[in-house]
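Structure record follows, encoded as C-alpha cells.
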2 protein chains.
Amino acid sequence: MSTRPRASLKDIAAELGVSVATVSNAISGKGRVSEELGERIRATALARGYVPSLTGRALRTGRSGVLGLVLADIANPLFPKIAQAVEAAAATSGYGVLIADSRGDVTEQTQAIRRLMERGADGLIVVPRRGTRVGEIGLPVAVIDTPSTPGNTVSADHWGGGRQVIGHLAGLGHRHFVLIGGSAASNVQNDRISGMRSALPAGARHTLLWAEGPGRAPGAPLGLAALAAGGATAFASVSDLIALRALTELQSAGLAVPEDVSVTGFDDMVWAGVVTPGLTTLHQDMPTIARHAVDELLRMIEHPETASAVPPGGVPMRLVVRQSAAAPRAARTCPTEGAKPT
Amino acid sequence: MSTRPRASLKDIAAELGVSVATVSNAISGKGRVSEELGERIRATALARGYVPSLTGRALRTGRSGVLGLVLADIANPLFPKIAQAVEAAAATSGYGVLIADSRGDVTEQTQAIRRLMERGADGLIVVPRRGTRVGEIGLPVAVIDTPSTPGNTVSADHWGGGRQVIGHLAGLGHRHFVLIGGSAASNVQNDRISGMRSALPAGARHTLLWAEGPGRAPGAPLGLAALAAGGATAFASVSDLIALRALTELQSAGLAVPEDVSVTGFDDMVWAGVVTPGLTTLHQDMPTIARHAVDELLRMIEHPETASAVPPGGVPMRLVVRQSAAAPRAARTCPTEGAKPT
DNA sequence: CATTGCGGGTTAATCGTTTAACCTAGCCGC
DNA sequence: GCGGCTAGGTTAAACGATTAACCCGCAATG
C-alpha cells in the first residue's frame with residue numbers, strides 16, 4: 001500500500017510553477033531552457049524520484065522501446081544464453097525484451113509474431129526454426145541463424161567452427177572420422193558439417209551420420225561402437241547434446257574416452273564442462289552476437305536510411321579444449337603427460 | 001513498406017460516421033449500443049483489421065498487460081521450460097511476458113526488477129536465486145521456488161519428489177545410498193534432500209555429498225567410484241546436471257550403470273533422455289506450475305480483494321523411469337528380463 | 001527609431017483508449 | 001400536457017509525454 005503513483009511531468013511542473021513542456025525539455029535536454037532553471041528542474045525530478053512513463057512516451061512517439069525475441073526451436077538448450085545476452089544488450093540500450101515461444105510450430109510462430117506486433121514491439125529478433133525463413137512482416141527484423149542463410153543478420157561462424165574442430169582432431173593425429181549431425185534440415189548444422197568436411201586432411205576417411213535421420217527411432221542407439229570397431233577414432237558432433245549421446249553410448253559400450261576414441265561437441269552447453277571426461281567443444285560468443293543483433297535492429301529502427309554496420313561473415317567460434325579429445329592410440333608417439341591441466 | 005499504421009477507433013468511427021466512444025462501446029460490449037449498429041461496427045472493425053492499441057489502453061487504464069519474468073539463477077537450464085510455460089500461460093490470458101535476467105547478481109536483480117517496473121509490468125513472476133528472498137516492491141509478485149520457502153506462491157513438490165525417487169530405488173532393492181546435492185544454499189535442493197532422507201528404508205545406509213561444497217574445486221571429481229567400492233549402489237542427485245556428472249564419472253571409472261550402480265536425477269532436462277543409459281529422473285509439470293503462477297498473479301492484479309486460489313502444497317512431480325536405475329547385483333533374485341521396455 | 005533576432009518560456013495539439021456525464025427523442029403514466 | 005424514464009447515442013475529460021507553434025521582452029543592427 002501507499003505506493004502512490006509515480007510522479008509525472010505534471011507533478012513536477014506544478015511543484016515548480018512552470019509548464020510541463022519546460023520540464024520535458026529540461027529533462028530531455030531538447031528545447032531551450034535556461035541553465036539555472038534546467039538544473040532546478042532536474043534536481044526536483046531526482047528528488048521526487050521521477051521516472052518517465054514509457055507508456056505515455058510510447059503513445060506519443062509510436063515507439064514502445066521493446067524488442068520481441070522470437071524463439072522457434074522448442075526448448076532450445078541454447079535459449080538461456082541467447083535470452084540472457086539479448087536482454088543484456090537491449091537493456092544497455094534502454095530497450096526491454098518481450099519473449100514469444102512458438103513451440104516449434106510454424107503457424108504458432110506466426111501467432112507469436114502477431115502477438116508481439118500487437119504489443120507494439122519496435123523490432124524483432126528471430127532465431128528461426130531449423131531451415132525456415134521468416135517472411136516479410138513490416139517490422140525491422142534481425143535474424144540469428146548462420147551466415148549462409150539468406151536474410152541472416154548475424155550469427156556465429158559455424159562453418160569456421162567445423163574447420164577448427166576437425167583441424168584440432170587432425171592435429172592430434174586422427175585420420176578416421178565420424179561426423180554426426182542431428183537433423184539434415186538445419187542450416188546451422190549443415191554449415192558445421194560443411195566446415196568439418198572442408199578441413200579433413202588428405203587421405204582421411206570419414207562417415208556422415210544423421211542422428212535424427214529417416215528410419216531411426218528418436219532414442220535409438222547410433223551404433224557408434226561398431227564404427228569404432230571399424231577403425232573410427234574421432235567422433236565429431238554438431239551439438240553438445242549429440243556429443244553427450246555419443247560419449248555415453250561409447251562409454252557404455254566399454255570404450256574409453258579419450259583413450260580409445262575422441263568425442264567433440266558444439267556450443268559449449270552447460271553440461272560440457274561437468275561430464276567426465278570434459279567435452280571438447282566450440283564456444284559461441286553470444287554476448288557479441290546479441291550485441292550485433294540488437295545494434296543492427298536499433299539502427300533499422302532509429303536510422304532506417306543508414307547502411308548495415310554488422311561485419312560480414314560470422315562471429316568466430318572459440319575452441320574449448322577439455323579432455324574428451326586426445327591423440328588416438330596409434331599416434332601416441334610422444335605423450336604429453338596425460339595429467340590434467342591445473 | 002506501405003504498412004500503413006493500423007486502424008484506430010477514430011478511423012472506424014469516421015468511416016461509419018459515429019463517435020469514437022460508440023465504437024469503443026460496441027467493441028468492448030460495455031456501454032449501450034443498439035444491436036444493429038453494434039453489429040455494423042464490429043463488422044467494419046473486422047474488415048479493417050482493427051487491433052486495439054495496447055499502448056493507448058495502457059495509458060488510460062494504468063495497466064500494461066505485461067508480466068515481468070525475473071530469472072535470477074544464471075543460465076538456469078530449466079529456463080527454457082519455465083519461460084515457455086509462463087509465456088504460454090500468459091498469452092492465453094492476453095498478457096505478454098517481459099524478461100529480465102540478473103546473471104546471478106543480487107544488485108543486478110534489483111536493477112532488473114526496477115527496469116521491469118519502469119516498463120510498467122503489472123506483476124512479476126520471480127524464480128529466485130537459491131535461497132534469496134524477494135523483498136517488498138509494491139507490485140504483485142508470484143514466486144516460484146519451493147513450498148517450504150516463506151512467500152512461495154507455487155512450485156513443484158520437491159520434497160515429495162525426493163521421497164518418490166528413494167522409494168523407487170528402495171523398491172528395486174537398494175540399501176546403501178549416496179545423496180548428492182549441488183549447493184547447500186538452495187532451498188529447492190534442501191527440500192529434495194529432506195524428502196529423500198525421509199523415505200530411506202529402515203536400516204539403510206546413506207552418505208550426503210555436496211558437489212559445490214566448501215573445499216571442493218568446481219570441476220573436481222566427486223570420488224564416487226570410491227563410494228561405490230565402499231558398497232554404495234544408489235546415487236541419487238538433486239539435479240540432472242549432477243546426475244550427469246555422476247553418471248559419466250562412474251562410467252569413466254569403469255563401473256557399469258545400471259548393472260553395478262544406479263544413478264538418478266531431477267527435473268527431466270533435455271539430456272536425460274538422450275544419454276546412455278537413459279536417466280531415471282523426476283519431471284516437473286511446468287505448464288501447471290506456470291498456469292498457477294500466472295493465474296495467481298492475475299488474481300492479485302485484477303481482483304486484489306479475493307483470496308488465493310492456489311492449492312497448497314507443491315505440484316506433484318512425476319517419476320520418469322528410464323534405464324539408469326535398476327536392481328543392485330545382490331538383490332537380483334528374480335530379474336524381470338533385463339531387456340529395455342518397448 | 002524601427003526592424004530583426006533570439007533566449008526563454010508557454011500553449012495547445014496529438015498519440016488511442018476508456019468512461020463519466022450529458023443530451024435528445026420517444027413513450028408511458030397520471 | 002407534462003414529468004420522468006429509457007434507449008441510444010455524443011461530448012469531453014482524462015492518462016503522460018512530446019513537439020510544433022507561438023509569444024514576450026530585450027539587445028543588436030541598419
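Residue numbers begin at 1 in each chain, while the letters A, B, ... track the order of the sequences. What you are looking at is a predicted structure, and each value in this text was computed from that prediction instead of being measured.
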Output one line per pair: protein atom, nucleotide atom from nucleotides 26-28 of chain C, and distance, for all N/O pairs under 3.5 Å.
none

Length of the line joining [X]:[atom1] and [N]:[atom2], which is rounded to integer Å:
{"X": "B:L9", "N": "D:dT10", "atom1": "CG", "atom2": "P", "value": "13 Å"}
{"X": "B:Y50", "N": "C:dG16", "atom1": "OH", "atom2": "P", "value": "10 Å"}
{"X": "B:L54", "N": "C:dT17", "atom1": "CG", "atom2": "C1'", "value": "11 Å"}
{"X": "B:E35", "N": "D:dG9", "atom1": "CD", "atom2": "P", "value": "11 Å"}
{"X": "A:E118", "N": "C:dT17", "atom1": "CD", "atom2": "P", "value": "12 Å"}
{"X": "B:L16", "N": "D:dT10", "atom1": "CG", "atom2": "C1'", "value": "15 Å"}
{"X": "B:I27", "N": "C:dT17", "atom1": "CD1", "atom2": "C1'", "value": "11 Å"}
{"X": "A:D11", "N": "D:dC15", "atom1": "CG", "atom2": "C1'", "value": "12 Å"}

Notebook entry, point to check: In Å and rounded to the nearest 0.5 Å, what is the CG to CZ distance from B:L59 to A:R60?
Noted result: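 Result: 12.5 Å between the selected atoms.
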Checklist line | Between CG on residue A:L67 and CD1 on residue A:I125, distance to nearest 0.5 Å | finding: 5.5 Å
Phosphate OP1/OP2 of [N] contacted by [X] side-chain N/O (<4.0 Å):
{"X": "B:S34", "N": "D:dG9", "result": "yes"}
{"X": "B:S53", "N": "C:dG16", "result": "no"}
{"X": "B:K10", "N": "C:dC15", "result": "yes"}
{"X": "A:R57", "N": "D:dT18", "result": "yes"}

Notebook entry, point to check: Any side-chain donor-acceptor pair under 3.5 Å between B:D285 and B:T288?
Noted result: yes
Checklist line | Distance-only side-chain donor-acceptor flag, A:S308 / A:E296, under 3.5 Å | finding: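 Per modelled atom types, A:S308 and A:E296 side chains form a pair under 3.5 Å.
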Item checked: Lys/Arg-Asp/Glu bridge criterion (N-O < 4.0 Å) met for A:R115, A:E118 -> no
Margin query: Apply side-chain contact (heavy atoms from CB on, under 4.5 Å) to residues B:H303 and B:E305 and explain how you reach the verdict.
Written below: CA-CA 5 Å; B:H303 313 287; B:E305 70 290 354; 3.7 Å; yes
Checklist line | For B:P140, the option from B:D122, B:I301, B:T153 that meets side-chain contact (heavy atoms from CB on, under 4.5 Å) | finding: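 Single pass found, and it is B:I301.
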Notebook entry, point to check: Can you check whether B:V23 reaches B:V18 side chain to side chain, under 4.5 Å on heavy atoms?
Noted result: yes
Between the protein and nucleotides 19-26 of chain D, list the N/O to N/O atom pairs that are separated by less than 3.5 angstrom.
none

Check: Going by the ring pair (Phe, Tyr, Trp, His ring centres under 6.0 Å) test, which pairs reach into residues 77-111 of chain B, not counting sequence neighbours?
Finding: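 Every ring pair (Phe, Tyr, Trp, His ring centres under 6.0 Å) pair that includes a residue of residues 77-111 of chain B, provided the two are not neighbours, is A:F79-B:F79.
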Item checked: Nearest-neighbour nucleotide for the A:L59 side chain, D:dA17, C:dG16, C:dG9 considered ->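 Selected nucleotide (nearest to the side chain): C:dG16.
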